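Heads up: the structure comes next, in structure tokens.
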Amino acid sequence: MSALFDPENAIYPFPAKPARLSADEKTFYIEKIKGLLKERNAVMVAHYYTDPEIQALAEETGGCVADSLEMARFGSTHPASTLLVAGVRFMGETAKILSPEKTVLMPTLQAECSLDLGCPIDEFNAFCDAHPDRTVVVYANTSAAVKARADWVVTSSIAVELIDHLDSLGEKIIWAPDRHLGRYVTQKTGADVLCWQGACIVHDEFKTQALLRMKTLYPDAAVLVHPESPQAIVELADAVGSTSQLIQAARQLPHPQMIVATDRGIFYKMQQAVPDKILLEAPTAGEGATCRSCAHCPWMAMNGLKAIAEGLEQGGAQHEIAVDPALREAALLPLNRMLSFAAELKLKVKGNA
Ligand code: 13P
Ligand code: SF4
């Protein structure tokens, strides 16, 4: 366990909520964005946690709405010369590392992630230096500098499979930054994992006692949990997985209701996938609640229509992602390893189907 970082006492600079738009303003910005996307030969790459109107616009304009792995893959293979990444900064940086020839714009470069903020490169370097015998695996929710230090980058959709693979090769692992996902993959694989102690401020908030009470209120509901959630929440799950895996689970499980322990932004695509099922937010209130996030990431919420239009129109230092070339080169290797591993895994799953 790292003595360097204490997620319980971490304080993050929370962004101001974007101003609400009137219906007319929304229509204005949606039309403006559609025009700018065409003009700039740009495509939207949006995460499931952005607001429904952003996801709908990405879909309508031929972009993608996806988990962080698919966002990386989509951005790197799409022919557009500009990517408008609606998500948080590490997602924009990943897109730029994979496609340096493309212009990568974001609605705001202030869209952080507590996992990224909780893993500063100098402290992480010291942690890795103290354990030189370990393979360094970092979650995609990290800075370009942390990725550059890693042997592998991974997302939650392939984390168990990758750690299992490395364990089968006899490798000991450093995992960063999410402590809950780190514990989850360790339990699933039995691998020797030394874990950085970062946390997601959204998933860390789900409350066990309140969830137990909710389960008694909805005895026919399945519980779907993102593995960035605390262990006690994961233990109550009928399905644990990345955002896209949770949508898949909602489709496959027979239950008529789903209690969902992840950012509520996912409800837009999940409800499309299961129009007849009732989706319920897992509780963030209850004993010990601080409700710093209340099941919606404050940084994902910064991706408003007005900010997207400004990003596309203005570009420049406020909106364009730049990654230091040396860091980019070093971070590309573990990112490409992730994409190759994911592609091989997909082939294997297809072969077994
Ligand atoms: P996914 O890889 O499941 O999309 O998760 C990204 C994320 O930020 C979760 O909080
Ligand atoms: Fe980071 Fe959590 Fe927000 Fe995802 S939901 S971007 S892990 S703070």
Side-chain angles (χ1 to χ4, degrees), residues 7 10-15 45-51 55 58 64-75 85-95 106-119 138-143 146 153-162 176-182 184-185 196 198-206 224-230 233-234 239-250 260-270 281-282 284 292-303 335 338-339 342:
I11 295 171
Y12 303 104
F14 273 12
V45 185
H47 191 265
Y48 290 124
Y49 294 166
T50 54
D51 289 337
Q55 298 185 43
C64 84
V65 180
D67 67 7
S68 51
L69 179 65
E70 184 52 30
M71 285 173 79
R73 203 165 27 205
F74 180 92
V85 176
V88 292
R89 198 180 51 224
F90 78 81
M91 294 168 174
E93 282 184 354
T94 297
M106 294 195 69
T108 166
L109 301 184
Q110 265 85 55
E112 304 281 359
C113 165
S114 62
L115 289 170
D116 181 353
L117 291 175
C119 192
V138 304
Y139 200 27
N141 304 38
T142 45
S143 64
V146 166
V153 175
V154 73
T155 72
S156 53
S157 61
I158 54 168
V160 172
E161 288 82 356
L162 176 66
D178 188 60
R179 57 182 173 162
H180 296 308
L181 185 52
Y184 178 70
V185 295
W196 188 261
C200 161
I201 49 135
V202 178
H203 294 88
D204 221 21
E205 290 282 312
F206 292 115
L224 308 180
V225 176
H226 195 285
E228 289 171 15
S229 307
I233 299 292
V234 170
V240 180
S242 72
T243 44
S244 45
Q245 289 165 345
L246 293 183
I247 292 174
Q248 183 69 359
V260 185
T262 193
D263 187 294
R264 78 170 85 94
I266 203 174
F267 281 27
Y268 173 74
K269 291 299 287 179
M270 197 178 265
E281 269 179 43
T284 48
R292 291 180 297 175
S293 59
C294 296
H296 191 37
C297 177
W299 294 294
M300 288 282 184
M302 295 177 85
N303 292 274
L335 266 171
M338 169 184 84
L339 291 176

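In listed order, ligands and their atoms are each counted from 1. Fair warning: this is a prediction, and the values are worked out from it, not measured in the lab.
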Heavy-atom nearest neighbour in the protein, as seen from [atom], with distance rounded to 0.1 Å:
atom: atom 2 (Fe) of ligand 2; result: Cys200 SG, 2.3 Å
atom: atom 5 (O) of ligand 1; result: His226 NE2, 3.5 Å
atom: atom 2 (O) of ligand 1; result: Ser68 OG, 2.5 Å
atom: atom 3 (Fe) of ligand 2; result: Cys297 SG, 2.4 Å
atom: atom 6 (C) of ligand 1; result: His47 NE2, 3.7 Å

### Task
Consider ligand 2: state whether an atom of it lies below 4.0 angstrom from any non-hydrogen atom of Asp263.
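For ligand 2, residue contact (heavy atoms, under 4.0 Å) with Asp263 is absent.
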### Nearest heavy atoms of Val146 and Cys119, plus distance in Å
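Closest pair (atom of Val146, atom of Cys119, distance): CG2-O, 3.4 Å.
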### Smallest separation among heavy atoms of Met270 and Leu224, with atom names
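In terms of heavy atoms, the two residues are closest at CE-CD1, 3.8 Å.
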Taking the side chain as every heavy atom from C-beta outward, state whether [X] and [Y] have any pair of such atoms under 4.5 Å apart.
X: Glu228; Y: Leu115; value: yes
X: Thr262; Y: Tyr49; value: yes
X: His296; Y: Thr284; value: no
X: Asn141; Y: Asp178; value: no

### Query
Applying a strict 4.0 Å limit to heavy atoms, is Gln245 in contact with ligand 1?
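No, Gln245 has no heavy atom closer than 4.0 Å to ligand 1.
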#### Entry: Non-hydrogen atom of Met71 closer than 4.0 Å to ligand 1
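Met71: no contact with ligand 1 (<4.0 Å).
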### Task
May I ask you to list the atoms of ligand 2 that are less than 4.0 angstrom from any heavy atom of Glu228?
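Matching atoms, with element in brackets: 7 (S).
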### Query
Can you list the atoms of ligand 2 that are under 4.0 Å from a heavy atom of Leu115?
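Within the 4.0 Å cut-off of Leu115, ligand 2 contributes 7 (S).
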Which ligand 1 atoms does [X] reach within 4.0 Å, using its non-hydrogen atoms?
X: Ser156; answer: 1 (P), 2 (O), 3 (O)
X: Ser242; answer: 3 (O)
X: Asn141; answer: 7 (C), 8 (O)
X: Glu228; answer: 7 (C), 9 (C), 10 (O)

### Query
Would you say Asp204's side chain and Ile201's backbone share a donor-acceptor pair under 3.5 angstrom?
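Side chain of Asp204 to backbone of Ile201: no pair is present.
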### Task
Classify the contact between Asp178 and ligand 2 as side chain, backbone, both or neither, using a heavy-atom distance cut-off of under 4.0 Å.
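For Asp178, there is no contact with ligand 2 at all, from either part.
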### Task
With Tyr48 as reference, evaluate Met71, Glu70, Lys269 under the side-chain contact (heavy atoms from CB on, under 4.5 Å) test and give the passing residue.
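The residue from Met71, Glu70, Lys269 that satisfies side-chain contact (heavy atoms from CB on, under 4.5 Å) with Tyr48 turns out to be Lys269.
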### Task
Scan Ile266, Thr243, Asn303, Val65 and name whichever one has a side-chain contact (heavy atoms from CB on, under 4.5 Å) with His47.
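So the option named by the test is Thr243.
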### Query
Any N/O/S of Cys113 under 2.8 Å from atom 3 (Fe) of ligand 2?
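Given the 2.8 Å cut-off, Cys113 does not count as a ligand of atom 3 (Fe) of ligand 2.
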### Query
Out of Leu181, Thr243, Leu246, whose heavy atom sits nearest atom 1 (P) of ligand 1?
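Among Leu181, Thr243, Leu246, the closest heavy atom to atom 1 (P) of ligand 1 comes from Thr243.
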### Query
Does Tyr48 approach ligand 1 within less than 4.0 angstrom via side chain, backbone, both or neither, non-hydrogen atoms only?
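For Tyr48, there is no contact with ligand 1 at all, from either part.
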### Task
Mind checking the CD-CE spacing from Glu93 to Met106? Nearest 0.5 Å is all I need.
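Going from the CD atom of Glu93 to the CE atom of Met106 covers 9.0 Å.
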### Message
We want to know whether Tyr184 and Ser229 form a side-chain donor-acceptor pair, criterion being a heavy-atom distance below 3.5 angstrom.
### Response
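Checked: Tyr184/Ser229 side chains show no N/O donor-acceptor pair below 3.5 Å.
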